Amino acid sequence: MTTAPERTADLYPTRGATEVITPRQDPVVWSQPGTAGPFQPSELSDFERDGFFAQEELITADEVAVYRAELDRLTHDPEVKADPRSIVEAKSDKVRSVFEVHKISEVFAKLVSDPRVVGRARQILGSDVYVHQSRINVKPGFGASGFYWHSDFETWHAEDGLPNMRTVSVSIALTENYDTNGGLMIMPGSHKFFLGCSGETPVDNYKKSLQMQDAGTPSDEALTKLADQYGIKLFTGKAGSATWFDCNCMHGSGDNITPYPRSNVFIVFNSVENAAVEPFAAPVRRPEYIGARDFTPVK
């Protein structure tokens, strides 16, 4: 474990009296052109332009079966449900997410270190990486709630202390993503500007925000302008498909009122050169199972 670095200049102010739009001051792809890795140069160019890249198959059907079985085991284990790292649906009391899953489960730990996964993260971020956050998400049918529009970096900057936009997420589908069961939506190109939200961060905000986002939520006016400018892309795909997306993409997902569940494993890789400092706009850090303070590189 390494020590958190000293607090740096705040390049992306947020949680103030008013909303503030700041042009992005960081690269999107940090590696040098021609750097070897799983991504082809054209794929990295697409990622840089759009802020995301969708893969039809990151893992095989046989591998999906293994990870899906492990997801089912964890979400039905009473001990896991009682663990603070588990978040339950406010209405149904069913498990919604399990955090730090790469430390709870050897099965998911192996996925994190899979070259197809961590190799792409290193290629985008141009350095060794560590896991800032991991979780499994369960969105069962018949009423699972969605996540409102937000930029992950806004929260990770404000509440976890990530200084720069040098973080990438991958969402790997463990069930089919239809256009009707609450899939991921992203505004392509929205990662080029940072939307600093208004309003102070309550103490222990994470206890509420992991069930329903409040602090760090953009205004309707700002979201309308972004949607008019960039449009909205809805991601569908078979189990085993994956979406890589930049930390500053404006994204969200709707409720799932269909009979068909939508479950995924979600891994956030951060550059070891972008280790978390003290929060930029919150009274205290979030727990380490949500925003890691162990900056050990993934091997």
Side-chain angles (χ1 to χ4, degrees), residues 10-15 19 21-22 24-30 47 50-54 87 96-97 99-101 120-121 124-125 129-137 146-172 183-197 201 205-206 208-218 222-223 226 230 232-233 235 242-253 264-271 274-277 279-282 285-292:
D10 187 355
L11 300 178
Y12 300 103
T14 189
R15 311 283 173 100
E19 282 186 323
I21 295 179
T22 304
R24 185 187 185 109
Q25 300 183 53
D26 294 307
V28 178
V29 175
W30 289 73
F47 183 88
D50 298 329
F52 62 82
F53 182 78
I87 310 300
R96 173 190 180 101
S97 300
F99 280 81
E100 214 171 41
V101 70
R120 284 179 165 84
I124 290 171
L125 302 180
V129 298
Y130 71 93
V131 177
H132 177 70
Q133 185 186 105
S134 73
R135 66 180 187 263
I136 47 174
N137 293 324
F147 284 98
Y148 199 67
W149 291 103
H150 64 286
S151 154
D152 285 331
F153 179 75
E154 193 279 337
T155 298
W156 298 338
H157 182 70
E159 300 185 38
D160 296 338
L162 295 192
N164 295 94
M165 295 179 182
R166 199 170 180 179
T167 315
V168 66
S169 302
V170 60
S171 175
I172 305 171
L184 174 68
M185 295 181 287
I186 292 179
M187 297 184 186
S190 60
H191 62 303
K192 297 173 183 176
F193 291 89
F194 175 72
L195 180 60
C197 299
T201 308
N205 178 57
Y206 73 94
K208 180 180 179 182
S209 67
L210 295 178
Q211 289 184 325
M212 187 63 68
Q213 187 85 359
D214 188 8
T217 301
L223 288 171
L226 287 172
Y230 296 114
I232 296 173
K233 164 72 174 176
F235 293 88
T243 305
W244 293 87
F245 60 102
D246 179 82
C247 58
N248 190 46
C249 285
M250 191 61 66
H251 67 286
S253 64
N264 69 300
V265 55
F266 183 77
I267 307 164
V268 180
F269 293 101
N270 188 39
S271 169
N274 190 43
V277 296
F280 285 88
R285 302 174 179 178
R286 298 195 298 176
E288 291 191 25
Y289 63 83
I290 300 174

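Here the structure is a predicted model, which is why all the values come from computation and not from measurement.
- Taking CG from L226 and OG from S190, the interatomic distance works out to 6.5 Å, rounded to the nearest 0.5 Å.
- In this structure, I186 CD1 and I232 CD1 are separated by 11.5 Å, a value rounded to the nearest 0.5 Å.
- In summary, the aromatic rings of F269 and H132 are positioned with their centroids too far apart to meet the 6.0 Å limit.
- At least one side-chain heavy atom of V28 sits under 4.5 Å from a side-chain heavy atom of F47.
- Here the NE2 atom belonging to H191 is positioned 8.5 Å from the OH atom belonging to Y230, to the nearest 0.5 angstrom.
- T167 is not listed as a side-chain neighbour of L125, based on a closest heavy-atom distance of 4.5 Å or more.
- Checking side-chain atoms of Q133 against main-chain N and O of I290 turns up a donor-acceptor pair under 3.5 Å.
- Within the 4.5 Å cutoff, no side-chain heavy atoms of L184 are placed close to those of F52.
- Side chains of D26 and Y12: a donor-acceptor N/O pair is present below 3.5 angstrom, by distance only.
- Side chains of N164 and H157: no donor on one and acceptor on the other come within 3.5 Å.
- Side-chain atoms of I21 and F194, non-hydrogen and from C-beta on, never get closer than 4.5 Å to each other.
- Taking NZ from K192 and CG from D50, the interatomic distance works out to 7.5 Å, rounded to the nearest 0.5 Å.
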Worksheet item: Could you walk me through whether E159 and T201 pass the side-chain contact (heavy atoms from CB on, under 4.5 Å) check?
Response: CA-CA 8 Å; E159 300 185 38; T201 308; 3.9 Å; yes

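- Side chain of R24 to main chain of P27: a donor-acceptor pair is present (N/O by atom type, distance under 3.5 Å, no hydrogens or angles).
- Of all non-hydrogen atoms in C249 and G51, the two that sit nearest each other are SG-O, 3.1 Å.
- Heavy-atom minimum distance, S253 versus M185: CA-CE, 4.2 Å.
- You'll find the side chain of T22 stays beyond 4.5 Å of the side chain of L11, heavy atoms only.
- Heavy atoms only, all atoms of each residue included: T217 and Y148 are closest at CG2-CD2, 3.2 Å.
- Contact of the I87 side chain with the F99 side chain is registered, since non-hydrogen atoms from C-beta on lie closer than 4.5 Å.
- Judged by distance alone, the side chain of N270 and the main-chain N or O of N274 form a donor-acceptor pair under 3.5 Å.
- Scanning all heavy atoms of the two residues, the minimum distance from S169 to W156 falls at OG-CH2, 3.5 Å.
- In this structure, the side chain of H251 engages the main chain of H150 through a donor-acceptor pair within 3.5 Å.
- Scanning all heavy atoms of the two residues, the minimum distance from F245 to F266 falls at CZ-CE1, 3.6 Å.
- Seen from the ring of F147, R96 counts as a face-on cation partner, given the 6.0 Å and 45° thresholds.
- Considering only heavy atoms from C-beta on, V168 comes within 4.5 Å of W244 through its side chain.
- Using a 4.0 Å cut-off between charged nitrogen and carboxylate oxygen, R166 and D246 do not count as a salt-bridge pair.
- The pair E154-R15 meets the salt-bridge criterion, since a charged nitrogen lies less than 4.0 angstrom from a carboxylate oxygen.
- A distance of 12.5 Å separates CE of M250 from CZ of F193, quoted to the nearest 0.5 Å.
- The distance from atom CD1 of I172 to atom OG1 of T243, rounded to the nearest 0.5 Å, is 10.0 Å.
- A pairwise comparison of heavy atoms in V101 and S134 identifies N-OG, 3.0 Å as the closest pair.
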